[in-house]
Protein chains: 2
Amino acid sequence: MESHDKPDARSALLSAALRVIRTQGYSATSVDTLCRAAGVTKGAFFHHFASKEALAVAAAQHWAITTDAFFAAAPYHAHPDALDRVLGYIDFRRAILQGELPDYTCLVGTMVQETYATAPAIRDACAASITGHAARVEADIAAAMADRGLRPGWTARSLALHTQAVLQGAFILAKATGDVTVAADSIGHLRRYVELLFSQDDAAADHTPERRS
Amino acid sequence: MESHDKPDARSALLSAALRVIRTQGYSATSVDTLCRAAGVTKGAFFHHFASKEALAVAAAQHWAITTDAFFAAAPYHAHPDALDRVLGYIDFRRAILQGELPDYTCLVGTMVQETYATAPAIRDACAASITGHAARVEADIAAAMADRGLRPGWTARSLALHTQAVLQGAFILAKATGDVTVAADSIGHLRRYVELLFSQDDAAADHTPERRS
DNA sequence: AAGACTATACCGACCGGTTGGTATGTCGGT
DNA sequence: ACCGACATACCAACCGGTCGGTATAGTCTT
């Protein structure tokens, strides 16, 4: 029984971190700023987290848990066909691009850029969040492949990771241009790609398998 | 040509910025760190740049110029066919994923994540770099579309921006996992997508034959 | 049942070091 | 003599982190 209680300050800091770090980035966000945003004192911060880095790791794990629950509750899982679930996931990702940028961009994608070389603990927590989410997508892709007897030169895992790459890149473009439709269009290209891959089943039974190291 | 000499400290700071910011991010990089890496003093820094933010803007512009020259000199431009140039560009992007992460990742993609909401000048400089690069790719895509009389539901511009999204996302995944092959695989998916888009003329129902010269 | 002890949650003044930025001076070239 | 290109010393604000203290609730002892 480690945590059946929910201390207020801790979760307030965590949700403040999600908001502030997605707006300003990790390094530019000071502990004092976080405390002010969460409405708690510095003493409370260092009572719950050993360091700023520990907060970042906890925030990445918190992000993984909440997004996992968010996508698990999404309606696209209801489709009986696996490919429909994959396409439904992509449509869902495009549909939730609403509100301000910090509302729909990715916490771990933002943090890992700043910390991959200097804070391995944060990097690993971010990587776990991304690959964990990709694994859910991979399951539906693999099922869709099995349904259609596809034997392509690519794997379900690499396509699942590709969907995450497109999403992360779409966020960067949206941040740079200030235009959400750029991100939506990129996700649209991703959808078309998946459609094309899975509409090949009659023509491309023997597509040349790529040799890869 | 010695009349247009470049001051040593300025270019030293600029190339140091490219290296250090791609490793640590913008906010985590202090002016002192930059000066130490460039082998110059703080006085030199503020002689050439009005502020840290001004250095970031100059670095983004310097990045746009150097990468533009780098890709302009790349061999894929020699292809007479426009689609071959597009695919050659993608192959080239995959081929240059060598060395350490800071050697091939994107400066402006890293910076814009940290500054899009707090430093409009930096964000705009990053956006100009990305869209400027995308415009070069767009030209070849548009030519390839014209060559084949393609009239798809997507534009050359959106596909060009999609290539940049994939690349930026691939960098994030590589940083998170520490595995370059993840990025290479994602670029591989991008290549396959472009191939599929342009090989649709045999299978597509809504394609207009023998039109457009 | 009263008092003593303990654990958790939180407070906020405080610390040494670092931050971006400035003020002033030096020096070689023209 | 003067200007651009640096160098050095310095500053107030801010940084992550520490520390002694308080409030409250539960548990143990008597």
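Please read all numbers here as calculations on a predicted model, not as lab measurements. Just so we're on the same page: letters track the sequence lines, and every chain starts at 1. For the numbers below, each heavy atom of this structure counts, side chains included, while hydrogens, waters and symmetry mates do not.
Distances were taken from every side-chain heavy atom of A/Phe46 (C-beta onward) to each of D/dT18, C/dG12, D/dC15; the shortest belongs to D/dT18.
Not one side-chain nitrogen or oxygen of A/His47 sits closer than 4.0 Å to the OP1 or OP2 atom of C/dC10. Taking side-chain N and O atoms only, B/His48 has a distance below 4.0 Å to OP1 or OP2 of D/dC6.
Counting non-hydrogen atoms under 4.0 angstrom, A/Thr33 reaches nothing in the nucleic acid. Contact annotation for B/Lys52: backbone-only contact, meaning every heavy-atom pair under 4.0 Å involves sugar-phosphate atoms and none involves a base. Within 4.0 Å (heavy atoms only), A/Ser30 reaches sugar-phosphate atoms of the nucleic acid but no base atom. Within the 4.0 angstrom heavy-atom criterion, only backbone atoms of the sugar-phosphate kind lie near B/Thr29; the bases stay farther away.
Aromatic ring orientation, A/Tyr76 versus A/Tyr89: perpendicular (interplanar angle above 60°, classes split at 30° and 60°). Relative ring orientation between A/Phe71 and A/His133 is described as tilted, the plane-to-plane angle lying within the 30° to 60° band.
Not one N or O on the side chain of A/Glu138 forms a donor-acceptor pair closer than 3.5 Å with the backbone of A/Ala156.
Between atom OG1 of residue B/Thr163 and atom CD1 of residue B/Ile141 there is a gap of 5.5 Å, rounded to the nearest 0.5 Å.
Residue order along DNA chain D, read from the 5' end via each residue's closest nucleotide, puts A/Ala28 first among A/Ala28 and A/Ala50.
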